[in-house]
Structure formats: C-alpha cells, structure tokens
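To start, the structure itself, in structure tokens.
Labels below follow one simple rule: chain letters A, B, ... track the order of the sequence lines, proteins then strands, and each chain is numbered from 1. Note that this is a predicted model, so its numbers are computed, not measured. FYI, side chains are in, hydrogens and waters are out, and symmetry mates aren't considered; it's all heavy atoms of this structure.
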Amino acid sequence: MSIELKLDRPAENTVTISVIGDIDMSSSTKVRDILAPLFQENNKAIIVDLSGVSYIDSSGIATLVEGLQWSHSSQSKFRLVSLTPGVKDVFEIARLLTVFEVFDTKEQALAH
Amino acid sequence: MSQPIKLSIPSHPKYLGLIRKVLQELLDYHEVPDETARRLILCVDEACSNVIKHGYGGPCEEPIEATFHIDGDDFKVQIRDYGKQCDSSQIKPRCLDQIKPGGLGTHFINEIMDDVSYCTERAKGTLLTMVKKLKRELTSAQEKNKE
C-alpha cells in the first residue's frame, strides 16, 4: 500500500506535511525520512495534516513521538491536524492525545 | 460462521495492508461496528508486525498464517509463525507514563483483546491466539440500527 507525502511552505519557517494513505510498518519510515530533516532547518512550526490517514499503527505513532522529541530539542512547534476517527482512537488508546498539540484544521494550527 | 477464514502472507511489511483489507471485509460482513473493527484490525496488524520484527528478525519471505473465526459472540484470531520463539514472560506492555517512541504494539493488543496467549509448544515458531468477545459491541450496534 503506497503513501503520499506533500510538503508545503505556507509561511516563512513554517512547513506543512500532508500525509495520504495508511501509516504502518511499511510506510512509517517514509514519514520519518521526510520529517527528520525539517527539524534541522530552523523551522518555527512543522504541521502534519493527517486528514488523509485512516489507519496508523504503533510504528506510525512512534514516528510522530520522535517528531515531538525532535521539536523539543530544536525548539520548533510540532502540530498535528485533522485526525480521522481511526487515528484519533489509536492516539487515545496510547494515551497520547493530550501530549501533542492537536488542531481540527490546518488554518487553526497556522494561526496559533 | 462455521468455517474459519485462513490467510497466509509472506513476512514483509508490504503485505500488512492486504491482511487488514481481508479482515475489514470479514468484519463488515458480520456487521461488526466500525470502532471495534478498527481496533481488531490494529491488533492483528501489530501481531503480524511483531512477527516480522522479532520472530523473523526483519522483512523476509517466511510465512505468517492468520486464521480468523467468528463463532457466536467470539472473534478469535490465531497468528502462526515459524521464526524465533518468543518468551511470553518477556512480552509485557511498557509504562505509558514515559513518552517515548516504540513498544506500544503489545499495549494495544492487551488493551483491546479480552484474551491473549502465546504458545511455543511446537518445533518452530509461535502460535498467538487473541479473543475478543463481540456481544456488547454487536448489541449496541443493533440497538443503534433500531433507532
């Protein structure tokens, strides 16, 4: 199953990544590969749009937790937007929903 | 369902989507509510990922055999591999207070399933059996449909 990742720079030092497809053991490394360098670029905010993701497993969650850790060391904001019910449920079971900054829309995440 | 559904996939992550799709179809056919179906699929996916990672030591072409059986109110799934046998006493979910990547798969399985057992009494590999009692989920879905 393929995954599509779209990078956009809506403002200076702000990056959004739109993920389309399932994030599982076969695709989470692709998400990690695109995410990791962004924390080396002095970005102030990195926003991950998950509206196109209906399934995420523990490897996908682990990748996003890594992103959160990188954001702490690089002092960038790391935000997740538009969690689908399936993805939100997995975050809830992992008790991680309150650990991340989560927004309903990309616009809200950009405005904060 | 009298006959179990059996599926064998090679132990490579690219086939995980296939096993999820087959299980989704099966659970749809039995009108298992969406949220429950998603959670059962997550458990099966995590179990197969663990076999690839730990049983076979990485992606390869060894068999992972999944058997799904809905019998009355019980959903039973068995995952059989022929790799390195696991030590079930070492399979424990980690403390969730620590925010760190990894180690959540076992937590998902234990949190969602009603019964989980690992059997290594065989020449090679492990047989994982997971059971979920569907009665509550099916009843609540039927009540919703009546409304």
For a quick test of reading the model, state the closest non-hydrogen atom pair linking Pro10(A) to Thr14(A) and the distance between them. CD-O, 3.5 Å

Heavy-atom contact with chain B under 4.5 Å, split by part of Leu96(A): side chain

Among Ile61(A), Leu68(A), Leu64(A), Val90(A), who wins on heavy-atom pairs under 4.5 Å with chain B? Val90(A)

Chain A contacts: which residues in residues 106-125 of chain B have a non-hydrogen atom closer than 4.5 Å to it? His107(B), Phe108(B), Glu111(B), Ile112(B)

Please step through side-chain contact (heavy atoms from CB on, under 4.5 Å) for the pair Val81(A) and Val102(A), ending with a clear verdict. CA-CA 6 Å; Val81(A) 300; Val102(A) 180; over 6 Å; no

Tyr56(B) ring center near Tyr82(B) ring center (under 6.0 Å): no

Donor-acceptor side-chain pairing of Ser82(A) and Ser51(A) below 3.5 angstrom: no

Polar side chain donor-acceptor pair, Asn50(B) to Glu46(B), under 3.5 angstrom: no

Most contact-rich option vs chain B, by heavy-atom pairs under 4.5 angstrom, among Ser58(A), Ala62(A), Pro85(A), is Ser58(A)

Atom of Lys84(B), atom of Thr126(B) and distance for their closest heavy-atom approach: O-OG1, 4.2 Å

When clusters are formed by joining ILVMFWY residues with side-chain heavy atoms under 4.5 Å apart, either directly or through shared neighbours, do Ile52(B) and Val44(B) land in the same one? yes

